[in-house]
There are 2 protein chains.
Amino acid sequence: MGCYEFELINRYFNKMHNNRKDVLAGIGDDCALVSVSSEQMIAISTDTLVSGTHFLPDINPVDLGYKSLAVNLSDLAAMGAEPSWLSLSLTLPLIDEDWIAAYSHSLLQQLNYYNMQLIGGDISRGPLSLTLSVHGLIPIGQALTRSSACIGDLVYVTGTLGDSAAGLAILQNKLQVNNEEDRQYLLGRHLRPKPRIQQGKILRNIANAAIDLSDGIINDLRRILINSNCGVHLYLENIPRSSALIRHTTPHQSLRWALSGGEDYELCFTVPKINCTALDIAMSYMGVIFTCIGQIKPSSEGIQLMLHNNPVKYNWHGYDHFKLE
Amino acid sequence: MGCYEFELINRYFNKMHNNRKDVLAGIGDDCALVSVSSEQMIAISTDTLVSGTHFLPDINPVDLGYKSLAVNLSDLAAMGAEPSWLSLSLTLPLIDEDWIAAYSHSLLQQLNYYNMQLIGGDISRGPLSLTLSVHGLIPIGQALTRSSACIGDLVYVTGTLGDSAAGLAILQNKLQVNNEEDRQYLLGRHLRPKPRIQQGKILRNIANAAIDLSDGIINDLRRILINSNCGVHLYLENIPRSSALIRHTTPHQSLRWALSGGEDYELCFTVPKINCTALDIAMSYMGVIFTCIGQIKPSSEGIQLMLHNNPVKYNWHGYDHFKLE
């Protein structure tokens, strides 16, 4: 680490308001030191965001500060974890202190909101990219995994799907939205996805399996199916879409984005029928809609799309960084 | 994560031989899950390596697999931690499976050697860079920090200094070394630094402060001094240099590289005099030389270079990614 890097970190990142008791040493030594009670396990997730691949090169640093943390927290939410610590690696083509100040301020605001502590990382010179490694805590035995779905479970999602893809299309001038309120809503869903941390924690004792939706419901749900060795019936008429999305797209387009647009960062989870009442009660306090969109079936069924109880074929595809562009 | 990324991870990274008992869920879910006994704390360090900044763009993937882990483990060594888990984020301009196979094989070999488990990460498309986040375990209260040096402590380093800078100079055609054995030795010291994990663990109960040497002894020792609010007398005649380095450089050059060349990944540590006999005994089993190169003084002394007990001035500078190039 160069001296200037050290100065930058001290100036912009080493001024957290919250100091967690489980952080014994934070920024400023060779390693951070943290401790955990023996009743808890640690959930760890690492994601890299590369300019031009994961975000548009001209993204506002305030939006990037928000989103870079949110997409990582979404992985914690999908396990039912309570966020705790962040390591951040920032690679920058040049040192633009205004950019760093805006990015770090936005990031630190979010960290405070989630009672998280930045415990380390580095700043390097190179093409713009960020790697965030988030840690969270879960009582032992209560994690939501991708491999626990059971035949008969009902499949749910939080929120509405496809809004983020529409927001991206607006940014790329591929979708015109004249209504300013709808435009801001869809942009916000792309730039400011809300990680479903509280919902994930509530689901610990209710859901069997869970995943967060980064690559579209079809692609992500397929991971639950593979890991749980199951199939699914997916009820297309139930796929939740926002009125803003419906107002500005054809039904075909909104369904395609909802199924495979990606970056919704909602939770998809499976619930045994016996827990559905508990789910209704618990989620009713959350202020976020949740919708039953299918049912887990034997693996021989694969992913069967259904429209009003009839099987249908649908030409969908998800987002794949390496294949689509 | 795209489908192809998922396949790549499964093919090349999801085949660890060792499965640690404290890893409850490894690669393949939204997060990894790990557990820790309440007598231990976790040391966490994250480092990014960018092509052209931290390694030469034509580096062999086998060397990169080795070195990318080694430089991170060196941070664990400097805290006295036992390595446990790794998260890896790999950003690649294109998918060259031969490259990935060579890199992953080399990395996994090292992970096995240290009984570490790869618990997650991702592969993205973009300019070549790697972010590694390593975790290690330390009994509570036994970590070596930068802030614990005391006036009167003797300052030691493991190994010899400056070899890595010479190895880099060979790769850059800035240093000619005709003796093949010396050439290979110096290249090896640059490409295959050995993290001083065992030495770090032994020092837990002997040393006060420690740091690993990534930016040259002057720059790195200064961090101990700042954090411990101390100064130092540094004995230039004691700075350990290898016979290979001495044979192929002027005394001035070898001293300059030893003081500020960077990337030695040796440990620098301070020991109270009362522990020096314990140090001698413990380190004698390690097969690595260690040398007393100075003594901690009051902060008013700053960094005072000494030659045979006389203060001298010396024009040194360390390595700074942002300032030197």
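From a predicted model like this one, the values you see are computed outputs, not experimental measurements.
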Next on the checklist: side-chain contact (heavy atoms from CB on, under 4.5 Å) for A:Leu144 and A:Phe269? Distances and angles first, verdict last.
Outcome noted: CA-CA 9 Å; A:Leu144 301 165; A:Phe269 52 97; over 6 Å; no

Next on the checklist: Between B:Phe55 and B:Val71, is the side-chain contact (heavy atoms from CB on, under 4.5 Å) condition met? List the steps.
Outcome noted: CA-CA 12 Å; B:Phe55 56 88; B:Val71 303; over 6 Å; no

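A side-chain donor-acceptor contact under 3.5 Å links A:Ser89 and A:Asp122.
For chain A, the nearby part of B:Ile138 is the side chain; its heavy atoms alone come within less than 4.5 Å. Interface remark: B:Ala210 contributes backbone atoms only to the contact with chain A (heavy atom separation under 4.5 Å). Heavy atoms of B:Thr48 lying under 4.5 Å from chain A belong to its backbone as well as its side chain. Heavy atoms closer than 4.5 Å to chain B are found in the side chain of A:Ile119, but not in its backbone. Using a 4.5 Å cut-off between heavy atoms, A:Ala25 makes no contact with chain B at all. In this structure, the portions of B:Thr145 lying under 4.5 Å from any heavy atom of chain A include both its backbone and its side chain. Residue contact with chain A, scored on non-hydrogen atoms closer than 4.5 Å, involves the backbone and the side chain of B:Ile211 alike.
Listed options A:Ala43, A:Ala143, A:Gly120 were ranked by heavy-atom pairs under 4.5 angstrom with chain B; first place goes to A:Ala43. Counting heavy-atom pairs closer than 4.5 Å to chain B, the top-ranked of the candidates A:Asp75, A:Ile42, A:Thr91 is A:Ile42. Options B:Val34, B:Asp29, B:Thr131 differ in how many heavy-atom pairs under 4.5 Å they form with chain A, and the most are formed by B:Asp29. Between chain B and the options A:Ile44, A:Leu88, A:Thr46, heavy-atom pairs under 4.5 Å are most frequent for A:Ile44. Top candidate by heavy-atom pairs under 4.5 Å with chain B, chosen from A:Ala78, A:Gly126, A:Ser35, A:Ser51, is A:Ala78. Among A:Val50, A:Leu76, A:Leu33, the residue with the largest count of heavy-atom pairs under 4.5 Å with chain B is A:Leu33.
The two residues A:Thr158 and A:Glu266 have their closest heavy-atom pair at OG1-OE1, 2.5 Å. The two residues A:Gln40 and A:Ile140 come nearest to each other via the heavy atoms C-CG1, 3.8 Å. The minimum heavy-atom distance linking B:Gly261 with B:Ala165 is given by the pair CA-CB, 3.8 Å.
Using a 4.0 Å cut-off between charged nitrogen and carboxylate oxygen, B:Glu82 and B:Arg204 do not count as a salt-bridge pair.
Two residues are said to be in side-chain contact when any heavy atoms from C-beta on lie closer than 4.5 Å; B:Glu263 and B:Pro193 fail this criterion.
The aromatic rings of B:Trp85 and B:His135 sit tilted, their planes meeting at an angle between 30° and 60°.
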